[in-house]
Amino acid sequence: MKLEGFELRRVAMPLVSPFRTSFSTQTERDILLVRAVTDEGEGWGECVTLPDPLYSPEYADGAVDVMKRFFIPALAAAGVSDAPGVGHALYPYKGHRMAKAALEMAVLDAELRAEGRSFARELGSVHSSVPCGVSVGIMNSIPELLDAVGGYLDAGYVRIKLKIEPGWDIEAVRAVREKFGDDVLLQVDANTAYTLRDARHLARLDDFDLLLIEQPLEEEDILGHAELAKIVKTPICLDESITSAQTAAAAIRLGATQVINIKPGRVGGYLEARRIHDIAAANGIAVWCGGMLESGIGRAANVALASLPGFTLPGDVSASDRFYRTDITAPFVMKDGHLDVPAGPGLGVSPIQEVLDELTTSVEWVHI
Ligand code: OSB
Ligand code: MG
């Protein structure tokens, strides 16, 4: 397969409701799509950068810049012709894992489509459908939160994740437990909003039988999480801190993480995501698939990844309508709290050109 170039496309997708975390409020998703064009057909990648470097150091405009300035020229110079080749050619460049992941994903999709193989099969899928969890943003009031959670439970979501921050934690969790009972699979995500000085406070969450507490402390505070894990009974799950298979192995060894949220973008791609899955499995650590409010393109690949054997907890793998009234692909629709794993070639879904055109804010072509 010979790479001919990449199309970089920005798409503005309005969210069905604002999504508030401890670091920002989103009302629209500005998505960067990467289309790899080859002599054997095309492939799609989704770059999960947010507009500002508040979740990770990367941001959408920066991803476009690093792709055009360094990464695509490096792929051209190396004559890259397959997905593992993308990782090798970009290895000398530090960081920018979301940008690397999007390019690798597009090349992998092109390769698999040309060969008629699915992402799921390629990654090692063992399930034809995956259970759906939902990430619930910080709300203005407890009644508003209970309304939102009630709606998701009625829709069939099998696991609820509450975004928390100081001032929106114990009472939010208590209210959800009191209203919906002890059987709901419930977890929280702090997106680094606490410090080790909050350990006693966070230990109060132990009363609520949570599956886990996600990324309570700063991303670089691996030892802090290991200390916290000795004080808090609720399992600690790292998200932001896990940027590679190497950091995953270290965090596991240090006792900083009892569960891992795997986001392919954050770790540099689906191939590295699979390596983290393998390391976690070898250490008896459960993993689940995180999300970055993906369109149908990224969602398709996440659903495939979530169907690997070590993904033993429901992920932030929601139906398209959790975030978008209109998706750019055929929508992912939940049945019985599950999504079907696409089985067609590559991602198994493609953008619908008319929808894509309507939502596109810019397109540029970068030749190889
Ligand atoms: O921390 O998991 C997170 C979205 C953007 C940035 C960070 C996070 C999230 C989510 C959304 O929780 C999960 C989803 O896409 O369903
Ligand atoms: Mg998280």
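Ligands are counted one by one from 1 in listed order, and the atoms in each one are counted from 1 as well.
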Participant: Identify the closest protein heavy atom to atom 5 (C) of ligand 1: which residue and atom is it, and at what distance?
Facilitator: Leu293 CD1, 3.5 Å
Participant: Which ligand 1 atoms are under 4.0 Å away from a heavy-atom of Asp239?
Facilitator: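 The atoms of ligand 1 under 4.0 Å from a heavy atom of Asp239 are 1 (O), 2 (O), 3 (C).
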Participant: With a heavy-atom distance limit of 4.0 Å, tell me whether Val134 approaches ligand 1 through its side chain, its backbone, both, or neither.
Facilitator: neither
Participant: For Arg322, which part has a heavy atom under 4.0 Å from ligand 1: side chain, backbone, both, or neither?
Facilitator: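 Near ligand 1, Arg322 shows nothing, with every heavy atom at 4.0 Å or more.
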Participant: Please check if the number of heavy atoms outside His201 that lie under 6.0 Å from its NE2 is greater than 12.
Facilitator: yes
Participant: Could you check whether Asp278 pairs with Arg274 (Lys NZ or Arg NE/NH1/NH2 to Asp/Glu carboxylate O, under 4.0 Å)?
Facilitator: no
Participant: Can you report which non-hydrogen protein atom sits closest to atom 7 (C) of ligand 1, along with the distance?
Facilitator: Lys263 NZ, 3.3 Å
Participant: Are Lys163 and ligand 1 in contact, using a heavy-atom cut-off of under 4.0 Å?
Facilitator: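 Flag set, Lys163 near ligand 1.
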Participant: Using a cut-off of 2.8 Å, how many protein N, O or S atoms lie below it in distance from the Mg ion (ligand 2)?
Facilitator: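 Number of qualifying protein atoms: 3.
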Participant: If I apply the N/O under 3.5 Å rule, does Met292 come out as touching ligand 1?
Facilitator: yes
Participant: Could you tell me whether Arg29 and Glu46 have a side-chain N and a carboxylate O separated by less than 4.0 Å?
Facilitator: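 Salt bridge: no.
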Participant: Taking heavy atoms and a distance under 4.0 Å, where does Asp189 meet ligand 1: side chain, backbone, both or neither?
Facilitator: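 The side chain, only.
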Participant: Which ligand 1 atoms does Phe23 reach within 4.0 Å, using its non-hydrogen atoms?
Facilitator: 6 (C)
Participant: What orientation do Tyr93 and Phe70 show, parallel under 30°, tilted 30 to 60°, or perpendicular over 60°?
Facilitator: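 Judged by the thresholds at 30° and 60°, the geometry between Tyr93 and Phe70 is tilted.
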Participant: Is the closest side-chain donor-acceptor distance between Tyr194 and Asp221 under 3.5 Å?
Facilitator: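 The criterion, which ignores hydrogens and geometry beyond distance, is not satisfied for Asp221 and Tyr194.
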Participant: At a 4.0 Å threshold, what atoms of ligand 1 neighbour a non-hydrogen atom of Lys161?
Facilitator: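 Ligand 1 atoms under the 4.0 Å threshold to Lys161: 2 (O), 3 (C), 12 (O).
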Participant: With respect to Asn261, determine whether any N or O atom, backbone or side chain, lies less than 3.5 Å from an N or O atom of ligand 1.
Facilitator: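 Looking only at distances, the answer is no, because the N/O contact criterion of under 3.5 Å is not met.
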Participant: For the pair Phe19 and Phe323, name the ring-plane relationship: parallel under 30°, tilted 30 to 60°, perpendicular over 60°.
Facilitator: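 Ring orientation of Phe19 relative to Phe323: perpendicular.
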Participant: Would you call Glu214-Lys161 a salt bridge at under 4.0 Å N-O?
Facilitator: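 Looking at Lys161 together with Glu214, the answer is yes, because their closest N to O distance falls below 4.0 Å.
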Participant: So, using salt bridge (charged side-chain N to carboxylate O under 4.0 Å, His left out) as the criterion, who are the partners of Arg275 when residues are at least two apart?
Facilitator: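 Salt bridge (charged side-chain N to carboxylate O under 4.0 Å, His left out) check on Arg275 returns Glu272.
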Participant: Is any side-chain N of the basic residue among Asp316 and Arg159 closer than 4.0 Å to the acidic one's carboxylate O?
Facilitator: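 Between Arg159 and Asp316 there is a salt bridge, with a charged N closer than 4.0 Å to a carboxylate O.
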Participant: With heavy atoms of Phe323 as the reference, note each atom of ligand 1 found under 4.0 Å away.
Facilitator: 14 (C), 15 (O), 16 (O)
Participant: Counting only heavy atoms not in Phe23, do more than 12 fall under 6.0 Å of its CZ?
Facilitator: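 More than 12 heavy atoms, drawn from other residues, nucleotides or ligands, come within 6.0 Å of this atom.
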Participant: Do the side-chain N and O atoms of Tyr55 and Asp239 include a donor-acceptor pair separated by under 3.5 angstrom?
Facilitator: yes
Participant: In this structure, does ligand 1 have an atom that sits under 4.0 Å from one of the heavy atoms of Glu214?
Facilitator: yes
Participant: Check Leu313, Leu211, Ile260 against Trp288 for a side-chain contact (heavy atoms from CB on, under 4.5 Å) and give me the one that passes.
Facilitator: Leu313
Participant: Would you call Lys68 and Glu364 a salt bridge, taking side-chain N to carboxylate O under 4.0 Å as the test?
Facilitator: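 Here Lys68 pairs with Glu364 in a salt bridge, since their nearest N and O are under 4.0 Å apart.
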Participant: Please write down residue, atom name and distance for the protein heavy atom closest to atom 1 (O) of ligand 1.
Facilitator: Asn191 ND2, 2.7 Å
